[in-house]
Amino acid sequence: MGEAALLLVWPALLGYSEAALAYVGETIRPGRLGRYAIWGVRLGWLAQTALLVAQAVAADGFPWDSWAGSLNLFVWMCVGAYLIWGCRAPFRLLGLAVMPPAAALFVLSWTAGGAGSSGRTEFGSVFLALHVGLVIAAFAGFTIAAGLAAVYLWQNRRLKRRSPSVLRVRAPSLATLDTLIARTIAVALPALTLGIGVGLGRLGEEGGSFDAIMAFAVATWVVYAAFLVLRYEAGWRGKRAAYLAFTGFLLVVALRLVAVPVAHF
Amino acid sequence: MALVLVGTSYLVAPVELRERMSFDAEGGAELASRIAGAGGEAVALSTCNRVCVYASADDPQAARARALGELASLAGLDPGELEPSVYTKLDDEAAHHLFRVAAGLDSMIPGEAQILGQVRAAYEASDQRGLAGPVTHRVFRQALHAGRRVRNETAIGETPASVSAAAAELAARVFDDLPSRRVLIIGAGKMGELAAADLISRGVGSLVVANRSLSRGVQVAERLGGTAVPFAELLSEVARADVVIASTGSQGLVLSAKEVEHGLRNRRGHPIFFIDIAVPRDLDPAINEIDGCFLYDIDDLERVVEQSLAGRRNEAARAEAIVEEEAESFRAWQRSLEVVPAIASLRRRAEEIRSAELARAGSRLEGLSPRQRLAVESLTSQIVNKLLHVPTVRLKEAAAAADGTAYADTMRHLFDLSDEDR
């Protein structure tokens, strides 16, 4: 079963890579490539879903407890969240921000063993499913919010510079992007809160010390909580809000790519 | 039946001549009716840029002469006087031209959006009067398909082609929920009205006009379906607006960056889009430096339009390839028509043989019940149909590949078919 699961890596990787390249092409020359890209995303995501199902069936416990395994799950959630809006033509630009990193992270996860089957985990499956699942879901939401923030800042810059080609590439309006950034964070933050809560609960039961991962997770929570307070209470919108969403995302990147690998190895 | 196009456009005739020949939907159907004659087919199309008549007739020269005569009559000229200002195209060239027209490739602005609807309306007007037949049905349906393909598969019509459309499109890049947005027009200039009209067509929520002369502001507001406010309330209105269009005749700035910054304090970060189409400019260029404010003047908008038109011209090459594909498909269909008489003749001959043989066997079939006779009729028909199916399909395929006439002649020779249907 584990070998069969690995075979699903290829269609997923092919779909994501095709989508990444097609989005680059669509940005250079808008036209049909955007449509081909969205099909790559859909097919790749379906293949990755099948891969995750195969991993779950083959695993003796929660299969995404390793750093590479959770990266695999993270990519799947990011692409899934992107698919909610990505099918609409104005959001194709967001695909340029999401799909190339998704394809690269998927390759990273695969080469690090995240697409294979894992052995028994040291924690209970319920705890892992809740803690890892919630935290990864929140991170996927923050990543999409950062992608939206990147598109916002790019679009804002082009409009400010009054570039003659400002209308060449279709993009969502600034107001829409601004609203979506806030809503995505408003959905993702409760997931992170619950994920941290479950983690702290386990810490209380089984003992352990406050480590770098927890410090990064709490710092991330603080930044995004501040984002929501400032957005809805102090009226922070536009560029300032986009930069703040980006700051939070830098903490997510630091946590995923620095703190977690250091703790695992 | 040949397809004939007789028409004129901005490329060959001045507007003074085109406007004399132009007609509305009803006039177009009447014109088509006169040109089609008894049992013929015709569709007449009139737009800002062209007047065209598409007819299908056995005698293309006669159809051309009728169309030229009718167009000359509309123009108040003799056919000979009009002749240098019209073009004539036949069969696949006429179809290719219509496909280009429907795709917006024959328009002054490549990818113009209205033309597809105008082609559809002209076709439907003729169809309703029974003036469309097999050839016009085919060519117009395919033209509409070609037009839709060009819209869907290229970006030729996605960018604006005028300053007012560019302003509206830019506003939509800041807010796409225009029905909930408020537009403020400063001044009562014609350009401001035009820019506002484009936004109104996109369904803006409310519109306010602030003009130094309130009565003139009221007139403009009434025309646009908005309300007028005294000029003294300008700053408070700026704070409430989402899109501001300035087009006064003022010699100095009407709004400074400081005034705007002060007015935006209570907007809680909501953006505002300024369009300054006045010369000299009404709005302080420094407004663009304020966070959440976007300011475009007339030069900025013209540069956007220029770039947009260049993009349309680039996309036109891809659109031409689509039109060529459709034209090739029409040519194949037209060639397949060449073998239709031969196929009809072959089937008639087969049916004659079948009926004759059944009649000859009449005495031997007398003992059959009506149900059994019906079964024999059905059986013999099925045998004939099955025998003729493959030759019919092959003949149509050969026709599409341009060998149709040779195959049809061979078949006539082999089966000794009459030439009456040629």
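A, B, ... follow the sequence lines: proteins, then strands. Residue 1 opens every chain. Given the structure is predicted, the values throughout are model-derived calculations rather than measurements.
Under the 4.5 Å side-chain criterion, counting only non-hydrogen atoms from C-beta, B/Asp291 is in contact with A/Lys239. Looking only at side-chain heavy atoms (C-beta outward), A/Arg35 and B/Asn152 come within less than 4.5 Å of each other. In this structure the side chain of B/Phe273 never reaches within 4.5 angstrom of the side chain of A/Leu174, judged on heavy atoms.
Atom CH2 of A/Trp221 sits in a sparse spot, with 12 or fewer heavy atoms from other residues, nucleotides or ligands closer than 6.0 Å. Remark: A/Tyr243 OH is loosely packed, at most 12 non-hydrogen atoms of other residues, nucleotides or ligands lying under 6.0 Å away. Sparse packing is recorded around CD of B/Glu306, with 12 or fewer heavy atoms of other residues, nucleotides or ligands lying under 6.0 Å away. Applying the 6.0 Å contact sphere to CZ of B/Arg267 captures more than 12 heavy atoms from other residues, nucleotides or ligands.
Taking every heavy atom of both residues into account, B/Thr159 and A/Leu167 meet most closely at CG2-O, 3.7 Å. The minimum heavy-atom distance linking B/Arg173 with A/Gln155 is given by the pair CD-NE2, 3.6 Å. In this structure, B/Val304 and A/Ser163 approach most closely via the heavy-atom pair CG2-O, 4.1 Å. Nearest approach of A/Lys160 to B/Glu289, heavy atoms of both residues: NZ-C, 4.0 Å. Closest of all the heavy-atom pairs between B/Ala172 and A/Ser173 is O-CB, 3.4 Å.
The part of A/Ala234 that comes within reach of chain B is its backbone (N, CA, C, O), which places non-hydrogen atoms under 4.5 angstrom from that chain. Only the backbone of B/Ile290 comes within contact range of chain A, judged by heavy atoms closer than 4.5 Å. Heavy atoms closer than 4.5 Å to chain B are found in both the backbone and the side chain of A/Asn156. Contacts of B/Asn314 with chain A are made by backbone atoms alone, with heavy-atom separations under 4.5 Å and no side-chain atom involved. With a threshold of 4.5 angstrom between heavy atoms, B/Arg181 approaches chain A through side-chain atoms but not through N, CA, C or O. Proximity to chain A (any heavy atom under 4.5 Å) is restricted, for B/Asp300, to the side chain, taken from C-beta onward.
A donor-acceptor distance shorter than 3.5 angstrom exists from the side chain of A/Arg162 to the backbone of B/Leu295, with no hydrogens or angles considered.
Per-residue counts of heavy-atom pairs under 4.5 Å with chain A were compared for B/Gly311, B/Ala310, B/Cys293, B/Ala171; the largest is that of B/Cys293.
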